[in-house]
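So that the names make sense, note that chain A is the first sequence line, chain B the second, and so on, each numbered from 1.
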2 protein chains.
Amino acid sequence: MSVVADEPDVKSLDAFKSFLMSKGLRVTQPRLAILKAAFVLPEHYTAEELLAQACQIDDSVSRATLYRTLPLLIECGTVREIDVGKECKYYKCCDTIKPFQAQVVCSDCDKIFEIDAPFMEWYGKTVSERLGLEVGSQRLQVTARCPKSEAGECIKTTCDN
Amino acid sequence: MSVVADEPDVKSLDAFKSFLMSKGLRVTQPRLAILKAAFVLPEHYTAEELLAQACQIDDSVSRATLYRTLPLLIECGTVREIDVGKECKYYKCCDTIKPFQAQVVCSDCDKIFEIDAPFMEWYGKTVSERLGLEVGSQRLQVTARCPKSEAGECIKTTCDN
DNA sequence: CTCGATGCAAAATTTTTGCAGTCCC
DNA sequence: GGGACTGCAAAAATTTTGCATCGAG
């Protein structure tokens, strides 16, 4: 039924387990169910959609755990948070998140494109050096209009997820 | 009492009025009160703080109107939306928003720095040309740690607001 | 005048939290 | 076995909406 593989690849699963253990956190069934759900879903979704999917994998997963786990997935780099003012917050799951990509959101059709933005790496270094700040994550979010309105269909996303 | 001028400069006020009229919307007292409140407040604040300030200017301003006006201020370019996962959403008011700046948020002290990021202009053009998307707004949000933790105080913000 | 805009308060959404019981290590 | 984790449900926090009234043009 789902378009995406029903299982996260071993690499992602191990990455999450390692992350948890390295922080002294426990590898639990609900946490794994949420991770798996993130891989079953299409690339962008809301917290609520992720919960629904997680419940399908392990119907005991609660909303509370979902919200308690989401920050972990984000910190671990498995899931990315996006907020473009549209509807709700979206989360994107990539087998391996490419750190220097921008999210370009079509304001007409709400489609989200992942576009390389390699200069962000350089920018991070510059900020770091010039201001003495240790740079963590970077998010570049762009709103744009795609030709759909007139042409009828959006350009295919470049996200390889 | 406030650190910032109590009145928006004429340019910003006119810009907002023009914006409203150009869209066939009315220039009302509540809308102006909210605009003024945005100028009284320090550079970053929540919707709730903005409401409180607007009420001090015109105590009849309601939460509903605040939330109905905020999108207008954002579209008009007077206010900018920031979401770094910290607490709530922040809005920034600049007399003239510099479009190509990044928001760098210290994950220790939550201070927000506005840093020039001129390459965003070039990036927008590139996206536009290569993908056939008409680029609208761009937001670059960076998390970082500033030396406060050890040094006791954060670097002064570079925002000239 | 007329119709958009407003205030109020209720509702809808989204996220957080306290606590008793559960299960990983 | 102990303490971290969970589910539940209640609560908190944030945003939206319906409707009668108000006021800008």
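Here the nucleotide nearest the side chain of Arg31(A), chosen from dG7(D), dC5(D), dG7(C), is dC5(D). Distance from the side chain of Pro30(B) is smallest for dT6(C) among the nucleotides dT6(D), dT6(C), dT15(C).
Remark: Lys17(A) pairs with no residue by the salt bridge (Lys or Arg N to Asp or Glu O under 4.0 Å) rule, at least two apart or across chains. Every salt bridge (Lys or Arg N to Asp or Glu O under 4.0 Å) that Glu75(B) has, sequence neighbours left out, goes to Lys23(B). Annotation: side chain to side chain donor-acceptor pair (under 3.5 Å) contacts of Thr28(A) (sequence neighbours excluded): none. Looking at residues two or more places apart in sequence or on another chain, you find a side chain to side chain donor-acceptor pair (under 3.5 Å) between Thr65(A) and Ser62(A). Remark: Phe19(B) pairs with no residue by the ring-ring contact (aromatic ring centres under 6.0 Å, His included) rule, at least two apart or across chains. Scanning for side chain to side chain donor-acceptor pair (under 3.5 Å) contacts around Gln138(B) gives an empty result, with sequence neighbours left out. In this view, Gln29(A) satisfies the side chain to side chain donor-acceptor pair (under 3.5 Å) rule with no residue, not counting sequence neighbours.
Following rounding to the nearest Å, Ile74(B) (CD1) and dT15(D) (P) show an atom-to-atom distance of 10 Å. When rounded to the nearest whole Å, the span between CG of Leu72(B) and P of dT6(C) equals 9 Å. Distance Lys23(B) NZ to dA5(C) C1': 16 Å, rounded to the nearest Å. Regarding Leu70(A), its CG atom lies at a distance of 9 Å from the P atom of dT16(C), rounded to whole Å. In this entry the distance linking CG of Asp58(A) with P of dC24(C) reads 11 Å, nearest Å. Taking atom OH of Tyr91(B) as the reference point, atom P of dT14(D) lies 11 Å away to the nearest angstrom.
Among residues at least two apart or in separate chains, side chain to side chain donor-acceptor pair (under 3.5 Å) pairs with a member in residues 125-136 of chain A are Trp122(A)-Thr126(A). Within the structure, salt bridge (charged side-chain N to carboxylate O under 4.0 Å, His left out) contacts touching residues 47-66 of chain B (residues at least two apart or in different chains) are Glu48(B)-Arg63(B).
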- 5' to 3', nucleotides 18-25 of chain D under a 4.0 Å protein heavy-atom cut-off (B base, S sugar-phosphate only, - none) gives B----BBS
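OP1 or OP2 of dT6(D) has not a single side-chain nitrogen or oxygen of Ser62(A) nearer than 4.0 Å. Within the 4.0 Å cut-off from OP1 or OP2 of dT15(D), at least one side-chain nitrogen or oxygen of Tyr67(B) is found.
Summary for the helix from dC1(C)-dG25(D) to dC25(C)-dG1(D): the axes at its two ends, each from 5 pairs, differ by 50° when rounded to the nearest 10 degrees.
Using the six-membered ring where Trp is involved, Phe119(B) and Phe119(A) have ring planes that are tilted, between 30° and 60° apart.
In this structure the side chain of Arg26(A) never reaches within 4.5 angstrom of the side chain of Met21(A), judged on heavy atoms.
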So which protein N/O to nucleotides 20-22 of chain C N/O distances come out below 3.5 Å?
none

